[in-house]
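What follows is a single structure, written as C-alpha cells, with notes after it.
The basis for the numbers below is simple: all heavy atoms, side chains too, and nothing from hydrogens, waters or symmetry mates.
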Amino acid sequence: GGGQPVTQESLAEWATSALAPLVEGGGVAPDVLAEIVLSLETDSEVAEYCTEFLGKGATTSSFVAEVCARRQTASSLR
C-alpha cells in the first residue's frame, strides 16, 4: 500500500475521520468542518481556524501538520 495518490476526495475522507473524535459533542459535523478546512488557502489559515475551532493542543497541531502535508501532495498532482 501507500502508493495511492492523494486526491481532494481521499483528503476529505481522511480529514473527516481525523476530525470526528476532535469535534465530538461540538455541534458540527466532521465532514462539514473538513470541507471548510480544506477550502482554506494557506497553511496558516488552516492552523488558525483549527486552533480557534478545536482549541490549542497537541491533537490540533498534529492534525494541522498532517492536513498541510497531505494538501501539498494533493495540489502537486493537479
Side-chain angles (χ1 to χ4, degrees):
Q4 200 172 345
V6 179
T7 60
Q8 286 306 118
E9 215 167 277
S10 67
L11 194 56
E13 263 172 49
W14 168 82
T16 301
S17 57
L19 281 165
L22 301 180
V23 298
E24 219 170 352
V28 69
D31 57 333
V32 173
L33 196 56
E35 208 172 301
I36 295 168
V37 168
L38 296 174
S39 72
L40 298 169
E41 286 295 305
T42 64
D43 292 355
S44 57
E45 281 180 296
V46 171
E48 207 173 294
Y49 185 85
C50 291
T51 303
E52 199 173 297
F53 215 94
L54 305 167
K56 260 197 190 313
T59 328
T60 305
S61 313
S62 61
F63 174 73
V64 169
E66 187 78 9
V67 167
C68 296
R70 287 174 184 245
R71 267 174 18 136
Q72 272 163 353
T73 314
S75 61
S76 69
L77 294 173
R78 257 185 254 151

Under 3.5 Å, which donor-acceptor pairs do the side chains of residues 23-35 form with other protein atoms, sequence neighbours left out?
none

- At what distance, to the nearest 0.5 angstrom, does CG of Leu38 lie from OG1 of Thr16? 8.0 Å
- Passes side-chain contact (heavy atoms from CB on, under 4.5 Å), Thr60 versus Leu22? Steps please. CA-CA 8 Å; Thr60 305; Leu22 301 180; 5.6 Å; no
- Query: Can you list every pair that meets ring-ring contact (aromatic ring centres under 6.0 Å, His included) and has a residue in residues 11-41, with sequence neighbours left out?
  - Reply: Trp14-Phe63
- Message: Show the nearest heavy-atom pair for residues Ser17 and Pro21, with the distance to one decimal.
- Response: O-CD, 3.3 Å
Side chains of residues 45-55: which donor-acceptor pairs under 3.5 Å do they make with residues two or more places apart or in other chains?
residue, atom, partner, partner atom, Å
Glu45, OE1, Glu41, N, 3.2
Glu45, OE1, Thr42, N, 3.0
Glu45, OE1, Thr42, OG1, 3.3
Thr51, OG1, Ala47, O, 2.6

- Does any pair with a residue in residues 53-68 pass salt bridge (Lys or Arg N to Asp or Glu O under 4.0 Å), and if so which ones, sequence neighbours excluded? Glu66-Arg70
- Message: Rounded at 0.5 Å granularity, tell me how far CG in Leu11 sits from CZ in Arg71.
- Response: 8.0 Å
